[in-house]
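The structure appears below as structure tokens.
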Amino acid sequence: MSETSKSLNFIEQIIEEDLEKDYSQSNLRFRFPPEPNGYLHIGHASSICLNFGLGLRYKAPVNLRFDDTNPAKEEQEFVDAIKKDVSWLGFNWDTERYASDYFQQLYDWAVLLIKDGKAYVDSQSSEEMAEQKGTPTEPGVNSPYRNRSVEENLSLFEAMKKGEFKEGSHVLRAKIDMASTNMLMRDPIMYRVLHRAHHRTNTDWCIYPMYDWTHGESDYIEQVSHSLCTLEFLPHRELYDWFLDQVVDPKKLRPKQREFARRNLSHTVVSKRKLAQLVEQKVVKGWDDPRMPTISGLRRRGYTPDAIRNFADTIGIAKRDNLIDVSLLEFHVREDLNKITPRVMGVLDPLKVVITNYPEGKEEWLEAENSPEDESLGSRQVPFSGELYIEKADFKEQANKKFFRLKLGGEVRLKNGYIIKAESCTKDTDGNIIEVQCTYDPKSKSGSGTPESLRRVKGTLHWVSTKHAVPAEIRLYDRLFTHESPDTQKDKDFMEFINPNSLEVITGYLEPSLKDAKAGERFQFQRIGYFCVDRETAPEKLIFNKTVGLRDSWAKIQQKG
RNA sequence: UGGCCCAUGGUGUAAUGGUAACACUCCGGUUUUUGGUACCGUCAUUCUAGGUUCGAGUCCUAGUGGGCCAACCA
């Protein structure tokens with residue numbers, strides 16, 4: 001119902017128009033075509049949501065196709081990681097394909113092009129070819145090998161395939177137009193010699209097809225109706241169509257390439273090459289470092305598939321340059337985590353509180369609601385005693401009325417517990433407050449229904465009983481880059497903008513219910529933020545990642561003074 | 001001394017020739033045993049100049065600004 005009121009993006013409009021003209025819905029087919037040379041990032045997530053979203057919308061199959069035409073860069077590890085990420089996002093592909101499945105067909109078609117006088121073997125160096133290519137403002141000149149006979153081309157190409165030549169000695173080129181205003185049409189390379197083992201075809205081949213020769217033909221083989229890619233491929237479209245013209249059977253569906261703007265996220269880089277650099281130079285600990293904008297990094301950070309999909313839906317798809325503020329991504333993860341995470345208490349920067357009128361040695365277990373957003377999450381018991389931790393930032397000797405927290409002579413409620421009053425505090429020799437002495441109102445227990453418990457005090461603090469507290473390693477993350485757009489600054493390398501303080505590791509003190517928390521589990525630490533258990537956690541040493549903080553209006557009040 | 005793409009609040013998207021809409025951010029407020037959540041409110045002469053039209057964010061022309069194109073990468 002609500003679907004009908006939602007406006008279409010320009011890709012959907014193109015499809016709707018095609019459906020009105022010469023396509024039926026059963027012709028529709030899409031594909032997500034990553035090269036397995038790295039891990040997927042948030043930009044890919046957008047493309048995944050676009051293609052698979054279209055599949056869902058039109059009940060059309062979507063292939064997962066690995067564009068594996070360059071064995072120098074590709075690895076099985078990346079294939080596995082990509083499959084895991086797409087699945088984790090919640091999408092199911094129709095069939096798993098590889099461009100390498102089509103190497104023989106591509107080769108046969110190339111032979112046809114040669115026989116047709118549309119392709120030739122060039123035996124120059126890449127430098128010589130680059131010189132002849134011209135510039136965007138000057139036409140290129142023809143290769144001296146451009147008019148080799150069909151017979152010579154055929155035998156040379158076969159010799160290339162058989163491994164008789166060294167890398168760089170010969171290439172197969174399409175014979176198009178060295179004067180085209182489109183640089184890509186100036187006799188583009190179709191095949192190069194590469195004596196490399198491929199992660200799937202091993203050493204079966206020593207010539208490998210280039211992207212342009214492979215992609216459109218693969219779409220055609222799979223009968224993909226709409227081949228969607230980013231805007232930097234727009235100049236490739238003319239070549240995509242030219243290659244298709246050489247092989248298409250008019251009775252079969254002819255794929256269309258259409259382009260959309262890649263999504264850029266502020267304060268990070270969205271480029272596999274640059275992300276690989278961060279990994280190689282050990283700026284981060286790996287592709288799934290929680291600071292990385294990779295899908296695996298976001299997953300480890302505690303992001304949910306729903307958060308990422310909602311984000312992708314919200315930012316939409318268009319053709320103009322963009323820089324999406326990370327705050328929008330953070331909004332979506334908070335929105336989802338607020339609904340699904342149980343609330344717990346943990347103190348990250350502890351200050352000891354002693355309740356002087358609490359019976360010596362006594363402890364009691366208080367009932368605590370797991371989520372105000374979801375009653376079905378039930379409740380748990382939290383231990384209370386006469387010695388607790390609260391956050392250092394939650395106590396001041398003196399403060400104005402804007403400070404809703406604990407101050408000398410002031411009262412505050414301990415969440416799920418009692419109202420306490422600060423009576424005095426002690427300091428170390430440097431003047432740092434190391435302990436606060438309080439009294440509590442025994443009749444003010446949360447949920448007891450007494451008049452005292454119904455009293456309204458300004459602030460509510462989270463806390464942990466010192467005796468029961470579980471220490472845990474807490475990893476706090478900040479933006480990886482200090483600049484909102486680190487890789488678009490003229491004369492500056494993006495590496496210059498790396499935030500040196502993007503990771504802070506501290507020890508936090510958690511309520512004991514967290515003792516058995518398992519890797520991947522997510523929680524809201526009340527009044528602080530959302531956290532998830534890292535995969536490196538162990539029973540004797542819990543490790544939590546901070547996903548994102550709660551919105552903090554107190555921080556804003558403080559900033560303003 | 002070229003070709004192509006793009007231009008709507010701080011950000012991202014919508015309006016399909018007919019009242020500039022939605023979300024985020026920011027700012028202000030209500031509720032609250034999380035300074036969270038929820039809810040309410042403020043924030044735009046649609047890059048500029050011409051033109052077509054009863055009517056232009058939308059169509060046309062020019063300008064301005066931004067982006068892409070010269071890897072045996074994808």
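The chains referred to below are lettered A, B, ... by the order of the sequence lines, with proteins before strands, and numbering in each begins at 1.
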Do E484(A) and G10(B) share a donor-acceptor pair, side chain to base, under 3.5 Å?
no
Relative to W463(A), does K415(A) satisfy both conditions: NZ or CZ under 6.0 angstrom from the six-membered ring centre, and within 45 degrees of the ring's axis?
no
Closest to the L234(A) side chain, choosing from C4(B), G3(B), U34(B):
C4(B)
Any N or O donor-acceptor pair linking the side chain of T460(A) to the base of U34(B) at under 3.5 Å?
no
Distance test, side-chain N/O of T314(A) to OP1/OP2 of C24(B), below 4.0 Å
no
For L550(A), report the nucleic acid contact type (base, sugar-phosphate, nothing); a contact means any heavy atom under 4.0 Å.
base
Between G28(B) and C43(B) - C1' atom distance, rounded Å
12 Å
Which part of the nucleic acid, if any, lies within contact of Y211(A), taking any heavy atom under 4.0 Å across all strands shown: a base, the sugar-phosphate backbone alone, or nothing?
base
May I ask you to say what F403(A) touches in the nucleic acid, namely base, sugar-phosphate or nothing, with a heavy-atom cut-off under 4.0 Å?
base
What is the nucleic acid contact for Q124(A), judged by heavy atoms within less than 4.0 Å: base, sugar-phosphate only, or nothing?
base
Base, sugar-phosphate alone, or nothing: which one does Y208(A) contact when heavy atoms must sit under 4.0 Å apart?
nothing
Which ranges of RNA chain B pair up as stems, where a stem means three or more consecutive Watson-Crick or G-U pairs with both distances under 3.5 Å?
B:2-7 with B:64-69, B:10-13 with B:21-24, B:27-30 with B:38-41, B:47-51 with B:59-63
Member of R192(A), R173(A), K175(A) meeting the salt bridge (charged side-chain N to carboxylate O under 4.0 Å, His left out) criterion with D122(A):
R173(A)
Let's test your reading of the model: under 3.5 Å, does the base of G35(B) pair with the side chain of R527(A) as donor and acceptor?
no
If we take the C1' atom in both A14(B) and U58(B), what is their distance in whole Å?
13 Å
At 4.0 Å (heavy atoms only), tell me whether I317(A) reaches a base, stays on the sugar-phosphate, or touches nothing.
sugar-phosphate
So, for F404(A) and W554(A), is the gap between ring centers shorter than 6.0 Å?
no
From G67(B), U13(B), C27(B), nucleotide with atom closest to K556(A) side chain
C27(B)
Does L323(A) reach a base, just sugar-phosphate, or nothing at all? Heavy atoms under 4.0 Å.
sugar-phosphate
For the side chain of Q13(A) and the base of U16(B), is some donor closer than 3.5 Å to an acceptor across the two?
yes
What residues from residues 260-275 of chain A pass a heavy-atom cutoff of under 4.0 Å to RNA chain B?
R263(A)
